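Below is one structure; the comments refer to it alone.
Remember, it's a predicted structure, so these values are computed and weren't measured experimentally. All ligand and atom numbering here is 1-based and tracks the order in the structure.
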Amino acid sequence: MHNIDIEVVEMTLDVMKYAINRMTHTSPELGKPKSEKELRELVGETITADGIGGENAFGLFKDVLVKATVPIDHPRHLAFVPAAPTRAAIMFDLVTSASSIHGAYWMEGAGGIFCENEAMKWLVSLTGLPKGAFGVFTSGGTAANLSAMVTARENWRKNPENRNVKALVITSEGAHSSIKAMAKVIDADVLLVETEDLMTADMLKEKIAGLDPDQRKRLFSVVATGGTTNAGIIDDLEGVAEVCAKENLWFHVDAAYGGGALAADSVRHLFRGIEKADSITIDPHKWLFSPYDCGAVIYKNPELAKEAHAQEGSYLEIFKDEGARGFNPADYQIQLTRRVRGLPLWFSLAMHGTDKYRWAVEEGMKLANLAGELITDHNELELVREPSLSCVLFRRKGWSPEDYRTWTYKNHKEGFALVTPTTWKINGIPETVARFCFINPDTTIEDIVAILQSME
Ligand SMILES: *Cc1c(COP(=O)(O)O)cnc(C)c1O
């Protein structure tokens with residue numbers, strides 16, 4: 001497969017040309033899904049005994065298949081948590097692939113892991129965690145949360161009394177779905193503090209006080225959120241940290257979305273207390289402008305993660321030899337073979353400098369505040385709550401859930417924008433509302449005005 005023939009050279013040029021074109025197109029066509037049947041009819045069979053040829057396959061991808069995807073970096077893609085990888089990071093994602101680096105162990109990946117660790121040092125510095133804290137890049141926030149929860153649970157189980165006890169974790173209603181999903185993976189029960197708004201120390205204390213003795217024995221961790229996915233709300237991390245310290249519970253902060261805002265001076269104070277966490281999740285592929293996929297898990301005491309995650313195997317012994325000493329990312333999270341997925345972030349940070357990142361994150365929040373003002377000034381619109389981080393929840397007066405859905409689909413179908421509704425509880429009753437989440441500094445005020453106009 002390594003013979004460089006003419007076809008490969010031509011293919012390489014085609015691929016590079018496509019990549020450069022796509023990277024320089026800051027407002028690509030907003031694709032939309034087609035059914036599998038429609039796609040099959042358009043492209044036919046692509047996996048055949050003889051192959052259909054690179055040019056042909058690439059043509060189908062460019063002309064049909066990629067158009068059935070939504071470019072997450074489109075400036076009017078404000079649904080879910082969008083993303084806007086820097087061009088430097090995208091270019092280096094190509095380089096990461098081309099370099100074929102095994103990112104599990106220092107012995108094979110030293111130079112690449114060194115780069116990842118330089119980027120990680122910056123991330124760790126944003127958290128304010130004490131000396132010795134460190135982390136590793138994962139496939140995303142879900143994997144980071146799982147890695148942290150396994151570490152917490154294993155640490156708790158060191159106490160023989162907890163060996164055969166089913167674990168229990170407390171989080172809030174505002175927490176991301178992956179917390180519940182990963183609790184299933186580690187077979188732990190989840191109790192929710194009933195608030196979508198910020199979880200305070202008092203709410204947490206009340207929840208703990210309400211546990212029966214069996215539940216209290218099983219409780220090993222509290223997961224707070226540093227920027228809820230739905231509304232950008234940051235729990236009272238300082239207060240939760242205090243309760244966790246007093247109750248001897250592992251304090252995890254899920255800042256998969258909000259973590260990027262640790263770089264922003266205007267909101268850094270909202271995260272006070274995060275420096276007391278035992279573990280933190282931050283997704284560079286959300287608000288730190290990295291391509292998919294790139295999450296990160298950071299531990300106050302990485303040794304505990306190593307005790308929980310380091311894999312044993314005769315074929316792995318060589319990696320642990322004296323001569324190969326160095327940081328082994330495989331030891332600190334759930335994955336063994338891994339891409340050095342922090343490399344694009346490293347290159348982009350090295351190229352642009354950290355100030356550029358601060359600027360870009362502040363831009364997202366400026367857009368959210370600007371949208372808030374436009375909504376407040378609009379007769380038919382109103383804010384559901386003040387913008388928080390880069391999330392804006394607002395309603396179109398008089399609209400039913402059906403109206404929001406129709407509006408979303410119409411804008412998407414026309415290739416104009418992808419903005420999706422969500423629900424927010426008002427006095428305990430879920431209401432369907434509109435939601436913006438801003439990440440991309442290329443989004444303009446004109447984009448926001450046009451989207452708001454589409455609700456008139
Ligand atoms: C997005 C998100 C996750 C999940 O991260 P993935 O990278 O999608 O796995 C977890 N927690 C929060 C708060 C998130 O916003």
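Pairs engaging residues 415-452 under the ring pair (Phe, Tyr, Trp, His ring centres under 6.0 Å) rule: Phe394-Phe436, Phe436-Phe438 [sequence neighbours left out].
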Within the protein, flag every N or O under 3.5 Å from an N or O of ligand 1, and note the pair and distance.
residue: ligand 1; atom: 5 (O); partner: Gly141; partner atom: N; Å: 3.3
residue: ligand 1; atom: 5 (O); partner: Asp283; partner atom: OD2; Å: 3.2
residue: ligand 1; atom: 7 (O); partner: Gly141; partner atom: N; Å: 2.8
residue: ligand 1; atom: 7 (O); partner: Asp283; partner atom: OD2; Å: 2.7
residue: ligand 1; atom: 7 (O); partner: His285; partner atom: NE2; Å: 2.9
residue: ligand 1; atom: 9 (O); partner: Gly141; partner atom: N; Å: 3.3
residue: ligand 1; atom: 9 (O); partner: Thr142; partner atom: N; Å: 2.8
residue: ligand 1; atom: 9 (O); partner: Thr142; partner atom: OG1; Å: 2.6
residue: ligand 1; atom: 11 (N); partner: Asp254; partner atom: OD1; Å: 3.2
residue: ligand 1; atom: 11 (N); partner: Asp254; partner atom: OD2; Å: 2.6
residue: ligand 1; atom: 15 (O); partner: Thr229; partner atom: OG1; Å: 2.8
residue: ligand 1; atom: 15 (O); partner: Lys286; partner atom: NZ; Å: 2.8

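Of all heavy-atom pairs spanning Val222 and Cys244, the tightest one is CB-SG, 3.7 Å.
Ring geometry for Phe327 against Tyr332 counts as parallel: the plane angle stays under 30°, on a 0 to 90° scale with 60° as the upper cut.
Scored by the ring pair (Phe, Tyr, Trp, His ring centres under 6.0 Å) test, Trp359 finds no partners at all (sequence neighbours excluded). Shown here are the salt bridge (charged side-chain N to carboxylate O under 4.0 Å, His left out) partners of Asp403, two or more places apart in sequence or in another chain: there are none.
Atom CD of Glu206 has 12 or fewer heavy atoms from other residues, nucleotides or ligands within 6.0 Å.
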